[in-house]
Each structure stands twice: as C-alpha cells, then as structure tokens.
Peer 1: 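This structure is in structure tokens; I'll ask about it shortly.
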There are 2 protein chains.
Amino acid sequence: MENEKEFLRSHNIKPSIQRIMVLRFLRMNPLHPTAEEVYQGLINEIPTLSRTTIYNTLNFFAEKGLVKVLNLGHNETRYDLNTDEHVHFKCIKCGRIYDLYLSCNLPQKGDVVDGHIITEREVLLKGICRICKGKKGGDDEVQV
Amino acid sequence: MENEKEFLRSHNIKPSIQRIMVLRFLRMNPLHPTAEEVYQGLINEIPTLSRTTIYNTLNFFAEKGLVKVLNLGHNETRYDLNTDEHVHFKCIKCGRIYDLYLSCNLPQKGDVVDGHIITEREVLLKGICRICKGKKGGDDEVQV
DNA sequence: ATCATTGCAAACACTTTGCATACGC
DNA sequence: GCGTATGCAAAGTGTTTGCAATGAT
C-alpha cells in the first residue's frame with residue numbers, strides 16, 4: 001500500500017490531514033461508504049471535521065479520478081476507491097453491497113458504440129444475497 | 001398499443017385519470033423522464049395535479065413492475081417503461097440518455113452468482129454521445 | 001357507507017453554496 | 001503574505017409523510 005501523501009500528490013491533490021484521513025478511511029473500508037459513513041468514521045479522530053469537507057474532498061477525489069461515484073439507487077451515493085473493472089451486487093433485503101469480478105463482453109473505455117464514445121461503465125446487479133437467502137421472510141435488516 | 005385502462009388493470013392497478021395520464025405520458029415520452037418532467041408534461045392537462053400524485057403513481061407503477069426505476073447519477077431518478085433488457089448510455093456533456101440494445105453475457109434474472117440470486121440488472125455506460133462528439137469544446141448543453 | 005386516491009403543506013434527507021477563519025508554503 | 005482548504009450556517013433539491021378532502025363502487 002502506497003504512502004498516502006505520495007498517492008495524493010501523484011493525483012495532483014495537495015495532501016491535507018483531512019484528505020489523508022479520508023483516503024485512509026476509504027482504503028480501510030472498501031465497502032463503498034456513503035459520505036455520511038466517512039464522516040461518522042472520522043469525526044472522532046478529527047473532532048472539528050465538517051460534512052462540507054467530506055463532500056468537498058470526495059467530489060475532489062472523484063474529479064481527479066481517485067474514486068468512482070456509485071449511484072446505487074434511492075439517493076444512495078457511494079464512493080469506491082477500487083478502480084478495477086468490477087460489478088456491484090446489491091441485496092434488496094439487507095442493502096449489503098458486494099463486489100463481483102465477472103468477465104463481461106460489454107463495451108469498455110475507449111470503445112465506440114452507435115457513434116458514442118464510451119468512457120465509463122457501471123454494472124449493478126440486484127437480488128437476494130447469500131446471507132438473506134437462507135433466512136425466512138421477515139423484515140429488512142440493517143447492513144453490518 | 002394496448003388500451004391504457006386494460007393495461008393498468010392487468011397489472012392490478014385501478015385506473016384513475018391521473019394514472020392513465022401518467023402511463024400515456026410515459027408511453028409518448030420513452031426518454032426516461034424524471035418525476036418532475038412527468039409533472040411538467042401533465043400539469044397543463046390536469047391543472048389540479050400534484051407532485052405527490054406523480055411520486056405516488058410512479059412508485060406504485062414501479063412496485064407493480066410496470067416501470068423500472070433508473071438511477072443515473074447525481075440524484076437523477078428516471079422512470080423507464082421499457083422493460084426489455086437493454087443498456088443505457090448517458091452523455092456526460094449534454095445529459096442525453098440513449099437506449100442501447102447490446103447482447104451481454106452478464107448474469108440474468110434467476111441466475112445465481114457467488115450464492116446471490118439475481119433478480120434485476122442495470123447497466124449504465126457513460127461517455128460522449130455522437131452529437132456532442134462532433135462539436136468542439138465549449139460548455140454543456142441542455143438536453144433536447 | 002366504505003375504502004382508496006388525491007393533493008396540499010410540512011417534514012425530511014442529502015448535498016451544495018456563501019463567506020469568514022485558519023492553514024501552509 | 002497569499003492562495004488554498006476548512007467549516008459553520010443557510011439555502012437548495014428531490015422526495016416522502018400526515019392528513020383532510022375528494023372520488024369511486
């Protein structure tokens with residue numbers, strides 16, 4: 001795992017303590033956290049931290065290509081540091097999100113389809129995850 | 001094109017004038033409108049129409065499997081009456097959304113991957129559309 | 001008469017903006 | 001000291017909720 005400061009600099013991002021901590025949090029929590037989860041995860045370590053800074057930082061990271069912004073439905077904006085091509089699976093019962101590494105014949109970055117240049121792709125599968133599958137009916141459950 | 005009342009009834013939806021009009025609007029505007037666009041498109045015909053009813057109706061339609069809810073980023077919830085398996089392409093310059101019919105080897109409804117049961121899938125490609133491609137730099141442009 | 005749908009107003013959640021303060025080179 | 005980052009408070013946006021009025025059978 002590369003040094004955080006160097007990693008930020010290599011993406012043309014001036015390192016600040018907040019930015020370093022957000023990056024560290026994303027690295028330690030690769031489960032596509034929301035902005036709020038990043039905030040909650042850091043507020044104890046940086047008591048003066050503001051949500052504005054989280055949003056600023058995550059948007060800035062996205063702009064610089066460091067994170068990918070995921071829209072997984074229901075105004076659920078999540079941030080993914082993992083830029084490998086992969087697919088997301090979201091459980092409609094518990095809300096858990098899984099990374100799946102499936103080979104896929106969809107057009108890739110740089111391909112042209114119907115005259116459109118593809119620069120990004122996002123695949124979202126939904127269903128019942130292996131954990132919820134085992135359980136009988138009942139209500140939704142909070143994500144772990 | 002099937003009769004609207006019958007179509008609603010066949011999906012266990014009691015037809016009301018608002019529901020019929022929303023369905024008609026979706027059929028005449030297959031460009032994945034937002035709730036606001038549906039509202040704007042109907043407010044002249046039904047002056048007493050409320051946004052609440054649009055949201056109620058669209059959510060009800062989604063629940064009954066009549067429309068698919070698309071999350072295309074940036075809190076952009078759109079509604080798609082077209083339930084054929086297809087892929088969406090969104091232009092990052094002008095915001096236009098295109099339907100693409102690509103064959104795709106991704107898991108389908110009913111497949112099981114890593115123990116997860118797939119019930120739905122959504123593929124979003126992003127990039128520069130064929131219209132914007134031709135244009136030189138400059139700013140974004142409103143969707144037609 | 002009963003039950004479902006509509007629609008207003010208010011509440012809500014999430015995100016962005018304006019601006020003053022603090023920080024780093 | 002100057003340019004940038006931070007953080008508070010407020011505004012903005014899109015959506016949902018509570019509830020009274022209306023409509024359908």
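Every chain is numbered from 1, with letters handed out A, B, ... down the list of sequences. Just so you know, these numbers use all the heavy atoms, side chains as well, and skip hydrogens, waters and symmetry mates.
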Peer 1: C:dC14 C1' sits how many Å from A:Asn71 CG, rounded?
Peer 2: 12 Å
Peer 1: Measure all distances between protein nitrogen or oxygen atoms and nitrogen or oxygen atoms of nucleotides 6-12 of chain D, and list the pairs falling under 3.5 Å.
Peer 2:
{"from": "D:dT6", "atom 1": "OP1", "to": "A:Ser16", "atom 2": "OG", "distance (Å)": "2.5"}
{"from": "D:dT6", "atom 1": "OP1", "to": "A:Gln18", "atom 2": "OE1", "distance (Å)": "3.1"}
{"from": "D:dT6", "atom 1": "O3'", "to": "A:Gln18", "atom 2": "NE2", "distance (Å)": "3.1"}
{"from": "D:dG7", "atom 1": "OP1", "to": "A:Gln18", "atom 2": "NE2", "distance (Å)": "3.4"}
{"from": "D:dG7", "atom 1": "OP1", "to": "A:Thr48", "atom 2": "O", "distance (Å)": "3.2"}
{"from": "D:dG7", "atom 1": "OP1", "to": "A:Thr48", "atom 2": "OG1", "distance (Å)": "2.9"}
{"from": "D:dG7", "atom 1": "OP2", "to": "A:Thr53", "atom 2": "OG1", "distance (Å)": "2.9"}
{"from": "D:dG7", "atom 1": "O5'", "to": "A:Thr48", "atom 2": "O", "distance (Å)": "3.3"}
{"from": "D:dC8", "atom 1": "N4", "to": "A:Thr52", "atom 2": "OG1", "distance (Å)": "3.1"}
{"from": "D:dA9", "atom 1": "N6", "to": "A:Thr52", "atom 2": "OG1", "distance (Å)": "3.4"}

Peer 1: Run the ring-ring contact (aromatic ring centres under 6.0 Å, His included) test against A:His11 and tell me which residues pass, sequence neighbours left out.
Peer 2: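 Partners of A:His11 by the ring-ring contact (aromatic ring centres under 6.0 Å, His included) criterion, ordered by chain and then number, come out as A:Phe7.
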Peer 1: How many Å lie between OH on B:Tyr39 and P on D:dT16, as a whole number?
Peer 2: 16 Å
Peer 1: Which pair of non-hydrogen atoms, one from A:Val67 and one from A:Tyr79, has the smallest distance, and what is that distance?
Peer 2: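 Minimum heavy-atom contact is CG2-CD2, 4.2 Å.
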Peer 1: Using a heavy-atom cut-off of 4.0 Å across all strands, would you classify B:Thr34 as base, sugar-phosphate, or nothing?
Peer 2: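 Contact class for B:Thr34: none.
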Peer 1: Provide, to the nearest angstrom, the distance between the CZ atom belonging to A:Arg78 and the C1' atom belonging to C:dC14.
Peer 2: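 Those two atoms, CZ and C1', are 13 Å apart.
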Peer 1: Whole angstroms only, please: what is the CD1-C1' distance between A:Ile20 and D:dA5?
Peer 2: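 Spelled out: CD1 on A:Ile20 to C1' on D:dA5 is 13 Å.
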Peer 1: Quick check on D:dT16: is either OP1 or OP2 less than 4.0 Å from any side-chain nitrogen or oxygen of B:Tyr55?
Peer 2: no
Peer 1: Does anything in residues 60-70 of chain B come within less than 4.0 Å of DNA chain D? Heavy atoms only, and list the residues if so.
Peer 2: none
Peer 1: Whole angstrom is fine here: how far is it from CG in A:Asn59 over to C1' in C:dC14?
Peer 2: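 About 12 Å, once rounded to whole Å.
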Peer 1: Please state how far atom CG in B:Leu8 lies from atom C1' in C:dT5, giving the value in whole angstrom units.
Peer 2: 14 Å
Peer 1: Taking only residues two or more places apart in sequence or in another chain, which ones pass side chain to side chain contact (heavy atoms under 4.5 Å, CB included) with A:Lys5?
Peer 2: A:Asn3, A:Arg9, A:Pro15, A:Ile20
Peer 1: Can you check the B:Ile13 CD1 to C:dT5 C1' distance for me, whole Å?
Peer 2: 13 Å
Peer 1: As a test of understanding, state which of A:Lys90, A:His88, A:Glu37, A:Glu76 forms a side-chain hydrogen bond (donor to acceptor under 3.5 Å, both in side chains) with A:His32.
Peer 2: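 Passing option: A:His88.
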Peer 1: Tabulate below the donor-acceptor pairs under 3.5 Å that side-chain atoms of residues 114-122 of chain B make, not counting sequence neighbours, or state none.
Peer 2:
{"from": "B:His116", "atom 1": "ND1", "to": "A:Arg130", "atom 2": "N", "distance (Å)": "3.0"}
{"from": "B:Thr119", "atom 1": "OG1", "to": "A:Lys126", "atom 2": "O", "distance (Å)": "3.3"}
{"from": "B:Arg121", "atom 1": "NH1", "to": "B:Leu106", "atom 2": "O", "distance (Å)": "3.0"}
{"from": "B:Arg121", "atom 1": "NH1", "to": "B:Pro107", "atom 2": "O", "distance (Å)": "3.0"}
{"from": "B:Glu122", "atom 1": "OE2", "to": "B:Asn71", "atom 2": "N", "distance (Å)": "3.3"}

Peer 1: By side chain to side chain contact (heavy atoms under 4.5 Å, CB included), which residues pair with B:Asn44, not counting sequence neighbours?
Peer 2: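 So B:Asn44 forms no side chain to side chain contact (heavy atoms under 4.5 Å, CB included) with any residue.
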Peer 1: Take atom CD of A:Glu36 and atom P of C:dT15, then tell me their distance rounded to the nearest Å.
Peer 2: 9 Å
Peer 1: List in chain and number order the residues that pass side chain to side chain contact (heavy atoms under 4.5 Å, CB included) with A:Asn12, two or more places apart in sequence or in another chain; answer none if no residue qualifies.
Peer 2: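 Here the qualifying residues are A:Lys64.
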Peer 1: Once side chain to side chain donor-acceptor pair (under 3.5 Å) is applied, do any residues pair with A:Glu36, and if so which ones, sequence neighbours excluded?
Peer 2: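 For A:Glu36, the residues satisfying side chain to side chain donor-acceptor pair (under 3.5 Å) (neighbours in sequence not counted) are A:Gln40, A:Arg51.
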Peer 1: Mind checking side chain to side chain contact (heavy atoms under 4.5 Å, CB included) for B:Ser16 and listing every partner two or more places apart, or none if nothing turns up?
Peer 2: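 Per chain and number, B:Ser16 pairs via side chain to side chain contact (heavy atoms under 4.5 Å, CB included) with B:Gln18, B:Arg19.
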